[in-house]
Number of protein chains: 2
Amino acid sequence: MKFSTKGTYGLRAVVELAKHYGEGPVSLAAVAAEQGISEAYLEQLMRSLKNAGIVKTTRGKAGGYLLTREPQRISVLETLRALEGSTDIADCVGSDASVCENACTCSARPLFLKLQSRINAVLEETTIGELTEDHIEQKKRIEHARLS
Amino acid sequence: MKFSTKGTYGLRAVVELAKHYGEGPVSLAAVAAEQGISEAYLEQLMRSLKNAGIVKTTRGKAGGYLLTREPQRISVLETLRALEGSTDIADCVGSDASVCENACTCSARPLFLKLQSRINAVLEETTIGELTEDHIEQKKRIEHARLS
DNA sequence: TCAAAAGTCAAGTGTTTTACTCGACTATTG
DNA sequence: CAATAGTCGAGTAAAACACTTGACTTTTGA
């Protein structure tokens with residue numbers, strides 16, 4: 001039940017792009033440097049995000065990555081699905097429950113279903129826009145505390 | 001973000017014990033057979049559950065495992081913690097957030113905290129007693145459907 | 001009293017997943 | 001046309017997972 005670095009780094013990268021939304025493309029190197037992530041690894045994650053239609057790119061000089069939509073219109077659920085393939089906590093939740101032989105008799109399944117629906121609710125209602133606002137707020141508070 | 005077999009098997013084993021609550025000890029072999037889990041692996045899980053005070057044992061002939069309390073008084077959170085060590089989705093939630101260098105500036109952290117509190121709420125409010133009832137209900141329904 | 005039934009424990013092992021890296025390539029632009 | 005920037009597939013070391021093994025100890029009933 002641990003979050004992978006893929007999800008975490010990917011989310012942070014998308015928030016980084018959100019911070020520059022409307023300002024033109026941001027290069028991979030810039031995002032990697034800002035977030036302290038290896039360029040080669042981040043590129044893989046960006047590829048997934050691109051395939052999922054969350055980011056788009058321009059090549060050549062002054063090229064880079066951009067969000068395809070406003071940050072408020074990108075959900076965390078969508079982003080995480082792009083990065084990790086699925087956000088399902090078990091194979092017996094979700095559409096293809098047939099993978100679990102005794103899905104209908106396993107005593108843990110009702111719990112899994114309840115948990116999954118609560119998790120999905122949070123991931124669906126939270127947007128990249130919100131995470132970005134939180135992040136900016138947080139940085140302001142730290143700056144303020146440091147100065148006093 | 002996948003549930004391990006430790007958690008799943010362990011939960012199922014505890015529910016199995018709950019089904020026989022008040023009827024004296026159930027042997028490891030019996031639980032393993034009923035749930036289709038390897039005895040040797042299950043023994044490991046039972047050990048964790050014992051150390052956590054969720055089950056107790058009697059040795060020798062006719063010995064086996066018993067719950068230390070009524071099923072309604074054992075939460076899923078407690079059980080899962082015993083089995084998996086922790087139910088935290090990331091190192092930066094929970095008491096020791098210092099393991100994450102940039103805990104206070106990571107833009108994913110607010111999401112993690114929200115998610116974790118929702119997950120814990122479910123795990124805390126759900127008891128082994130409830131899972132056991134659900135399971136018995138479910139088996140009845142299947143039996144009924146099969147006969148008609 | 002001793003053998004069979006049952007739990008206890010630490011260590012070992014094969015497989016899978018994670019978290020990366022590497023190198024060769026393509027597109028764009030000043 | 002060369003420098004900049006994204007694209008792609010494959011490779012790899014380390015960790016986590018899902019077990020197995022074997023050598024014990026404890027209890028009890030015949």
Response to the item:
Of C:dA10, D:dC19, C:dT28, the nucleotide closest to the side chain of B:Arg47 is C:dA10

Discussion item. Quick check: on DNA chain C, is the nucleotide nearest B:Gly60 upstream (toward 5') of the one nearest B:Met1, or the reverse? Name the residue that is more 5'.
Written reply: B:Gly60

Discussion item. Does D:dT20 have OP1 or OP2 under 4.0 Å away from a side-chain N or O of B:Ser38?
Written reply: yes

Worksheet item: What integer distance in Å separates A:Leu83:CG from C:dT18:P?
Response: 13 Å

Worksheet item: After noting the C-alpha distance and the side-chain angles of B:Glu78 and B:Arg69, does the key distance pass the salt bridge (Lys or Arg N to Asp or Glu O under 4.0 Å) rule?
Response: CA-CA 13 Å; B:Glu78 184 186 0; B:Arg69 279 163 279 156; 2.8 Å; yes

Practice prompt. Can you tell me the distance, in whole Å, between the NZ atom of B:Lys56 and the C1' atom of C:dT8?
Written response: 19 Å

Item to complete: Report yes if a donor N or O on one partner sits less than 3.5 Å from an acceptor N or O on the other, where the partners are the side chain of A:Glu39 and the base of C:dT21; otherwise report no.
Response: no

Discussion item. If you go through the side-chain atoms of B:Gln44, does one of them form a donor-acceptor pair with the base of D:dT20 closer than 3.5 Å?
Written reply: yes

Worksheet entry | Residues B:Glu84, B:Lys2; criterion salt bridge (Lys or Arg N to Asp or Glu O under 4.0 Å); working and verdict | CA-CA 12 Å; B:Glu84 314 208 325; B:Lys2 280 275 190 295; over 6 Å; no

Discussion item. Under 4.0 Å from OP1 or OP2 of D:dT7: is there any side-chain N or O of A:Lys50 that close?
Written reply: yes

Worksheet item: Choosing from D:dT20, C:dT8, C:dA19, which nucleotide comes nearest the side chain of A:Tyr41?
Response: C:dA19

Discussion item. Using the side-chain heavy atoms of A:Lys61, tell me which of these nucleotides is nearest: D:dG6, C:dG30, C:dC22.
Written reply: C:dG30

Discussion item. By nearest atom, which of the nucleotides C:dG7, D:dA3, C:dA5 is closest to the B:Ser27 side chain?
Written reply: C:dG7

Worksheet item: What does B:Tyr9 touch in the nucleic acid at a heavy-atom separation under 4.0 angstrom: a base, only the sugar-phosphate, or nothing?
Response: sugar-phosphate

Discussion item. Without decimals, in angstroms, what is the distance between A:Lys2 NZ and C:dT17 C1'?
Written reply: 16 Å

Worksheet item: Over how many whole Å does the gap from B:Asn51 atom CG to C:dA10 atom P extend?
Response: 10 Å

Worksheet entry | Nearest to side-chain heavy atoms of A:Arg59, which nucleotide of C:dA4, C:dT28, D:dC19 | C:dT28

Worksheet entry | For atom NZ of A:Lys6 and atom P of D:dA16, their distance in whole Å | 17 Å

Fill in: B:Glu34 bridged to B:Arg12 by N-O distance under 4.0 Å
no

Worksheet item: For C:dT8, does either OP1 or OP2 sit under 4.0 Å from a side-chain N or O belonging to B:Thr57?
Response: yes

Worksheet entry | Identified side chain to side chain donor-acceptor pair (under 3.5 Å) counterpart of A:Glu143 within the set A:Arg146, A:Lys139, A:Lys140, A:Arg141 | A:Arg146

Item to complete: Whole angstrom is fine here: how far is it from CG in A:Leu42 over to P in C:dT21?
Response: 11 Å

Worksheet, complete the sentence: Rounded to whole Å, the CE-P distance (A:Met46 to D:dA5) equals 14 Å

Fill in: N or O in side chain of A:Thr5 less than 4.0 angstrom from C:dA19 OP1/OP2
yes

Practice prompt. Compare the minimum distances between each of D:dG29, C:dC20, C:dG7 and the side chain of B:Leu28, then state the nucleotide with the smallest one.
Written response: C:dG7

Practice prompt. State which of C:dT8, D:dG6, D:dT21 makes the closest approach to the side chain of B:Glu43.
Written response: C:dT8

Worksheet item: Rounded to whole angstrom units, what separation is found between the OH atom of A:Tyr65 and the C1' atom of D:dT4?
Response: 13 Å

Item to complete: Looking only at non-hydrogen atoms, find the nearest pair between A:Ala18 and A:Thr132 and report the distance.
Response: CB-OG1, 3.3 Å

Fill in: N/O donor-acceptor pair under 3.5 Å between B:Thr68 side chain and B:Ile54 backbone
yes

